[in-house]
**Student:** 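Before I ask anything, let me first share the structure, which is written out below as structure tokens.
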Amino acid sequence: MMARMSGVDILGRPVGMNMMPMVTVGALFPMWAVMMAAMMLPTMVPTLTTYERLMISADGTRAGWLGVLLGYFVVWVAFAAVIAVVQVALIGFALVDSLGIATSGGVAGAVMIAVGAFQFTRAKEVCHGVCHAPMTYFMGHWKTGFMGGLRMGLGLGAFCVGCCWGFMVLGFVGGVMSLLWMGLATILMIFEKLPAIGHHVIKPTGALLIAAGLVVTII
């Protein structure tokens, strides 16, 4: 068994090999905010393209386009703050380590099963419907100008969070600092928004996550 090493540093603070670095919301929030921006920008392409078409066929403006973009990111940055708080809480309960990786197969499996089960819910269906077909949302909530675009962006962002939050939470399985793992989550979100196959990948993805979660839990 490895012995614990302890002592004090030159400032008199206790140190030791068994100590975890202090992780705070203030430290995690910028990381999550940048990561959200990088992950969600590719998934916004259908929405922004749809608004571009409305700039020609309706009374959309470039200011409105920028408003949609800003509103979208405001919601996701707010979600970044929430998930940073969640991560600190999970670290406090020793459910994830300082890198955001689940500390046991049971925790990792539970996260995967929960996210997989959400893929079969009505909430997922509704939120995905808006993200998958933003034209319908624009037609029902159309407002002009920058402020109009901002309000529509906030609404679209809320539905997008409702649709994709689970893929972000999966970061606690493979590590929120893992570019490979979070890149995989981004790919899943992009596939869900593809016009031709988006609706067809939701439940298979859910079934795969549940099965993988059960395997991880048992192992």
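In this chain, residues are counted from 1 in sequence order. Small disclaimer: the values here were computed from a predicted structure and weren't measured.
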**Student:** Out of curiosity, does M44 fall in the hydrophobic cluster containing W65 (side-chain heavy atoms, cut-off under 4.5 Å, transitive links)?
**Tutor:**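 Yes, it is one cluster - the side chains of W65 and M44 are joined through contacts under 4.5 Å.
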**Student:** Where is the tightest heavy-atom contact between V216 and A108, given as atom of each residue plus distance?
**Tutor:** CG1-CB, 4.0 Å
**Student:** In terms of hydrophobic clustering (I, L, V, M, F, W, Y; side-chain heavy atoms under 4.5 Å; direct or indirect links), are V68 and V74 co-clustered?
**Tutor:** yes
**Student:** Is there a path of hydrophobic side-chain contacts, each under 4.5 Å between heavy atoms of I, L, V, M, F, W or Y residues, that connects V86 with M112?
**Tutor:** yes
**Student:** When you measure from the side chain of T103 to the backbone N and O of A94, does any donor-acceptor pair fall under 3.5 Å?
**Tutor:**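 Such a contact is found between T103 side chain and A94 backbone.
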**Student:** Going from CE on M177 to CE on M182, what distance comes out if it is rounded to the nearest 0.5 angstrom?
**Tutor:** 10.5 Å
**Student:** From T61 OG1 over to L54 CG, what is the distance, rounded to the nearest 0.5 angstrom?
**Tutor:** 11.0 Å
**Student:** Please give me the minimum heavy-atom distance between S98 and Q87, naming the atom from each residue.
**Tutor:** O-NE2, 4.3 Å
**Student:** Between T43 (side chain only) and I190 (backbone N and O only), is there a donor and an acceptor less than 3.5 Å apart?
**Tutor:**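 Here the side-chain-to-backbone pair does not exist.
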**Student:** Provide the closest heavy-atom pair for L95 versus V107 in the form atom of the first, atom of the second, distance.
**Tutor:** O-CG1, 3.7 Å
**Student:** Report the distance from atom CG of L184 to atom CG of L188, rounding to the nearest 0.5 Å.
**Tutor:**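 Result: 5.0 Å between the selected atoms.
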**Student:** If I take atom NZ from residue K124 and atom NZ from residue K203, how far apart are they, to the nearest 0.5 angstrom?
**Tutor:** 12.0 Å
**Student:** When rounded to the nearest 0.5 angstrom, what is the spacing between OH in Y72 and CG in L41?
**Tutor:**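 Answer rounded to 0.5 Å: 9.5 Å.
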**Student:** Return a table of donor-acceptor pairs under 3.5 angstrom between the side chains of residues 135-150 and protein atoms on other chains or two or more places apart.
**Tutor:**
from : atom 1 : to   : atom 2 : distance (Å)
H141 : ND1    : Y137 : O      : 3.0
W142 : NE1    : D59  : OD1    : 2.8

**Student:** Any side-chain heavy-atom pair from Y51 and M152 closer than 4.5 angstrom?
**Tutor:**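 Of all side-chain heavy-atom pairs linking M152 with Y51, at least one is under 4.5 Å.
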**Student:** Let me check something: do L90 and W181 share a hydrophobic cluster, defined by ILVMFWY side-chain heavy atoms less than 4.5 Å apart, either directly or through other members?
**Tutor:** yes
**Student:** Kindly determine whether F167 and T205 satisfy side chain to side chain contact (heavy atoms under 4.5 Å, CB included), including the steps that lead there.
**Tutor:** CA-CA 11 Å; F167 295 127; T205 299; 4.2 Å; yes
**Student:** Between W76 and F79, is the gap from one ring center to the other below 6.0 Å?
**Tutor:** yes
**Student:** Would you give the length of the straight line joining atom SG of C163 to atom CZ of F118, rounded to the nearest 0.5 angstrom?
**Tutor:**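 Rounded to the nearest 0.5 Å, the SG-CZ separation comes out at 7.0 Å.
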**Student:** Quick one: does M35's side chain get under 4.5 Å of M40's, heavy atoms only?
**Tutor:** no
**Student:** Which one of Q119, H200, H132 satisfies the side-chain hydrogen bond (donor to acceptor under 3.5 Å, both in side chains) criterion with E192?
**Tutor:**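 Testing E192 for a side-chain hydrogen bond (donor to acceptor under 3.5 Å, both in side chains) against Q119, H200, H132 leaves exactly one candidate, Q119.
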**Student:** With a 3.5 Å distance limit and no angle check, can you tell me whether T121 reaches the backbone of A117 through a side-chain donor-acceptor pair?
**Tutor:**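 Answer holds: no.
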**Student:** Taking all heavy atoms of P134 and all of P46, pick out the closest pair and write down the distance.
**Tutor:** CG-O, 4.1 Å
**Student:** Hydrophobic clustering (ILVMFWY, side-chain heavy atoms < 4.5 Å, transitive) - are L180 and V34 grouped together?
**Tutor:**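 Hydrophobic grouping puts V34 apart from L180.
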**Student:** Provide the closest heavy-atom pair for L99 versus V176 in the form atom of the first, atom of the second, distance.
**Tutor:** O-CG2, 3.5 Å
**Student:** Any non-hydrogen side-chain atom of I210 less than 4.5 Å from a side-chain atom of F120?
**Tutor:** yes
**Student:** Identify the two heavy atoms, one from V75 and one from L154, that lie closest to each other, and give their separation to 0.1 Å.
**Tutor:** CG2-O, 3.4 Å
**Student:** Check whether any side-chain heavy atom of M36 lies under 4.5 Å from a side-chain heavy atom of W32, and answer yes or no.
**Tutor:** yes
